[in-house]
Amino acid sequence: MQKILVTGAAGQIGSELTMVLRKTYGGDNVIATGHKTKPDKTVFESGPCHFIDCTEINTIAEMVKKYKVGTIYHLASVLSAVAEKDPQLAWNVNMFGLYNVLEVAREYKCCVFFPSSIGAFGPTTPLDNTPQDTIQRPNTMYGVTKVAGELLCDYYYKRFGVDTRGVRYPGLISYKALPGGGTTDYAVEIFYEAIKQKRYTCYLKAGTYLDMMYMPDALRAAIELMEANPDKLKHRNAFNATAMSFAPEHIAATIKRILPKFTMDFKVDPIRQAIAESWPNNMDDNAARQEWGWKPKYDLESMTKDMIEKISQKLKIKLD
Ligand code: AKB
């Protein structure tokens, strides 16, 4: 089979997606690549791993040639909060990285998965039941790179026939790798603090609704979209995909039902609050459901139960 290349394989999605892909397609068929950060032991020991820099096109091309790569999951990206602190870095990594991946894909005829985000929307987007095709005027550098990325992927498909596909991910929740500098990170941090300290100080205000998804669903979404029948895809890129929508007080209440001593207070971070307020409260993901059968398995209740069980096992903390 043609090999699969994963960029950003040490990151939140990459470290887990690499392992699921290796289980599905075989360890040697999935090449994990990352920049600077060494992937965790399981990724490092279960198949080929390389350090590459997506802003250097030759480093991507070398991998694709060496391993005869047929599909690239391009996950290397700077997340929203870090991007607002260092917009130049975000532009460089998110835009040049994607452009280089698409150029290599064009030359070597690879398929490309590109994760966009709820960050591709902005304050003038309808924030409730956000349509698949709607106003996109984000006011963050992260959002600018995501909208430009969506358009670039569409362009490479239409102009050069590169098989590009992608979803707009909401906040992703996982017990394995920690997120690195996003606005939705609170929905992961809250579990660690609830289990370790029985309390959490949230940097978003009560009432700040955002779409979220549990990682097993997010990984399945990527693979199912890449395996979908292309004749059925009207959109190809940037599918709205969500699993649940909640505000901080709702996840806190759900945790409290399992850990009754848990309490939460608030210390609002104005940068992340402003970003969150510019993003949808809940997206309409009917296009994904109709065109490639998207259906999440986890809701707030089942995700919370699983997160608490898995994190307490991981931290070896007995719950009381
Ligand atoms: C972030 O918060 O930056 C990401 C995202 C929603 O794209 N988790």
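In each ligand, atom 1 is the first atom listed, and ligand 1 is the first ligand listed.
- Near S117, meaning under 4.0 Å from one of its heavy atoms, ligand 1 places the atoms 5 (C), 6 (C), 7 (O).
- Those atoms of ligand 1 with a heavy atom of S80 less than 4.0 angstrom away are 1 (C), 2 (O), 3 (O).
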Evaluate Y157 against H235 for ring-ring contact (aromatic ring centres under 6.0 Å, His included), listing each step before the verdict.
CA-CA 11 Å; Y157 169 63; H235 285 87; over 10 Å; no
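- Taking a cut-off of under 4.0 Å to the non-hydrogen atoms of W279, the atoms of ligand 1 that pass are 1 (C), 2 (O), 3 (O), 6 (C).
- Side-chain contact, D285 with T242: no donor N or O sits under 3.5 Å from an acceptor N or O.
- Of the polar atoms of T183, at least one N or O is found under 3.5 Å from an N or O of ligand 1, judged by distance alone.
- Side-chain atoms of R22 never come within 3.5 Å of backbone atoms of I31 as a donor-acceptor pair (strictly under, hydrogens ignored).
- The atoms of ligand 1 that sit less than 4.0 Å from any heavy atom of L79 are 3 (O).
- The nearest protein atom to atom 8 (N) of ligand 1, hydrogens excluded, is given as T184 OG1, 2.9 Å; this is a heavy-atom distance.
- Short contacts between ligand 1 and Y142, defined as distances under 4.0 Å to a heavy atom of the residue, involve ligand atoms 3 (O), 4 (C), 5 (C), 7 (O).
- Contact annotation: I118 has at least one heavy atom less than 4.0 Å from an atom of ligand 1.
- Between the side chain of D185 and the backbone N or O of G182, at least one donor-acceptor pair lies under 3.5 Å.
- Applying the 6.0 Å contact sphere to NZ of K109 captures no more than 12 heavy atoms from other residues, nucleotides or ligands.
- A search for ring pair (Phe, Tyr, Trp, His ring centres under 6.0 Å) contacts involving Y175 returns nothing, not counting sequence neighbours.
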